[in-house]
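Residue numbers start from 1 in every chain, and the chains themselves are labelled A, B, ... in the order their sequence lines are given, proteins ahead of strands.
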Number of protein chains: 2
Amino acid sequence: MLLSKSCVYGLRASLYLAAREQGEFIPIRNMSDKLEISFHFLTKILQQLTAEGILESFKGPNGGVRLKKSGTEVQLIDIVLAIDGPQLLTECALGLPGCGVKNPCPLHDKWAETRDAIHEMLEKTTLTELVHKGKTENLRLTTDGGFDILFDN
Amino acid sequence: MLLSKSCVYGLRASLYLAAREQGEFIPIRNMSDKLEISFHFLTKILQQLTAEGILESFKGPNGGVRLKKSGTEVQLIDIVLAIDGPQLLTECALGLPGCGVKNPCPLHDKWAETRDAIHEMLEKTTLTELVHKGKTENLRLTTDGGFDILFDN
DNA sequence: GTATTTTAAGATAAAAGAGTCTCAATAATA
DNA sequence: TATTATTGAGACTCTTTTATCTTAAAATAC
């Protein structure tokens with residue numbers, strides 16, 4: 001598995017927030033319902049994103065979370081790093097500690113290339129870009145239903 | 001984490017076997033010592049590779065395991081599929097079931113490209129190729145020491 | 001044929017990841 | 001001020017992965 005489940009949920013929730021970007025705080029309960037993710041679990045994940053400065057939160061009635069920056073300024077890599085950490089982009093494919101240009105494993109060079117491709121994809125893709133694609137093509141963020149039904153209320 | 005620990009151990013052990021390819025069976029205990037992997041854990045992993053027809057085993061004195069085919073005919077993808085299964089190369093990056101060309105998520109296209117790069121790397125790389133690189137450049141398969149010390153007895 | 005060396009298989013344990021539950025803190029509103 | 005809606009934080013549980021331990025089965029050698 002490339003990304004942990006927490007990370008995947010974090011990405012889906014971030015896309016949801018980017019799609020509703022009007023400055024309002026969105027209650028987590030709302031998101032957990034729409035995205036079919038356990039409320040408490042999602043809450044913990046979003047707390048991490050808040051702690052990392054990707055989201056900001058507000059307590060009480062009319063509270064919730066929202067993106068701290070515009071979705072055009074948030075890359076997927078930001079969320080992956082905040083939740084899964086840098087391992088995916090730094091670790092040796094054979095699990096050897098300290099594997100690098102100085103002291104490589106036999107797979108190092110090839111894996112470094114592939115890893116760079118992953119890195120580049122995550123770095124070049126913004127939330128807004130995916131939201132735009134999702135909206136225009138009515139793609140999905142949940143098992144069933146398209147982008148539109150996420151926002152029908 | 002791209003590959004599970006079991007898979008990484010399976011790769012390291014397969015490289016070890018490919019490097020010693022002289023038709024003899026290598027005791028797992030020998031490998032677990034050299035590669036610094038728990039003997040019983042490695043045994044179970046190699047059992048999977050044997051069940052998948054990548055290795056063959058022989059019990060009793062002078063027994064052990066060896067590659068069933070030449071290392072030139074074994075690609076990394078064979079070992080990854082045998083141990084981790086096809087998920088890495090089929091799963092949706094956002095974890096949505098049934099994500100594909102017919103019913104994609106917003107990230108599908110980009111992730112499919114990246115995934116193909118991973119697939120291609122694993123598919124084009126043979127054990128022998130990595131062993132050759134490891135031998136000529138004295139690279140490592142363990143935390144410390146180079147390729148040579150693996151085979152000094 | 002008995003003892004020894006090895007893989008095979010299954011039970012068990014420990015650690016990590018995923019998910020749930022409870023209560024505290026904060027803010028709005030009536 | 002009391003009530004309600006919300007996030008924050010921690011304890012707890014369940015599941016999967018990783019690792020260990022024990023016993024059985026097979027093959028060799030004496």
Subject >> B:His119, NE2 atom: more than 12 neighbouring heavy atoms under 6.0 Å >> reply: yes

For the pair made of [atom1] in [X] and [atom2] in [N], what is the distance, rounded to whole Å?
{"X": "B:Tyr9", "N": "D:dT18", "atom1": "OH", "atom2": "P", "result": "8 Å"}
{"X": "A:Ile28", "N": "C:dC21", "atom1": "CD1", "atom2": "C1'", "result": "16 Å"}
{"X": "A:Lys44", "N": "D:dT7", "atom1": "NZ", "atom2": "P", "result": "16 Å"}
{"X": "A:Gln47", "N": "D:dT7", "atom1": "CD", "atom2": "P", "result": "10 Å"}
{"X": "B:Leu46", "N": "C:dA8", "atom1": "CG", "atom2": "C1'", "result": "12 Å"}
{"X": "B:Phe41", "N": "D:dT18", "atom1": "CZ", "atom2": "C1'", "result": "5 Å"}
{"X": "A:Ile45", "N": "C:dG17", "atom1": "CD1", "atom2": "C1'", "result": "11 Å"}
{"X": "A:Lys59", "N": "C:dA27", "atom1": "NZ", "atom2": "P", "result": "7 Å"}

Subject >> Point-to-point distance, once rounded to the nearest 0.5 Å, from CG of A:Asp33 to CG of A:Asn30 >> reply: 7.0 Å

Original post:
Taking the side chain from B:Thr126 and the backbone from B:Thr72, do they hold a donor-acceptor pair closer than 3.5 Å?
Top reply: no

Original post:
Short question: side chain of B:Trp111, backbone of B:Glu91 - any donor-acceptor pair under 3.5 Å?
Top reply: yes

Original post:
So which one's nearest nucleotide on DNA chain C is more toward 5', A:Phe58 or A:Ser6?
Top reply: A:Ser6

**OP:** Quick one: do A:Leu11 and A:Leu130 satisfy side-chain contact (heavy atoms from CB on, under 4.5 Å)? Show the steps, please.
**Re:** CA-CA 11 Å; A:Leu11 285 170; A:Leu130 292 183; over 6 Å; no

State which of [options] makes the closest approach to the side chain of [X].
{"X": "A:Ser38", "options": "D:dT7, C:dA18, C:dG19", "value": "C:dG19"}
{"X": "B:Phe39", "options": "C:dT7, C:dA18, D:dC21", "value": "C:dT7"}
{"X": "B:Pro61", "options": "C:dT5, C:dT7, D:dG8", "value": "C:dT5"}

On the nucleotide [N], are OP1 or OP2 found under 4.0 Å from the side-chain N or O atoms that [X] carries?
{"X": "A:Asn62", "N": "C:dT29", "result": "yes"}
{"X": "B:Thr43", "N": "C:dA8", "result": "no"}
{"X": "B:Ser57", "N": "C:dT6", "result": "no"}

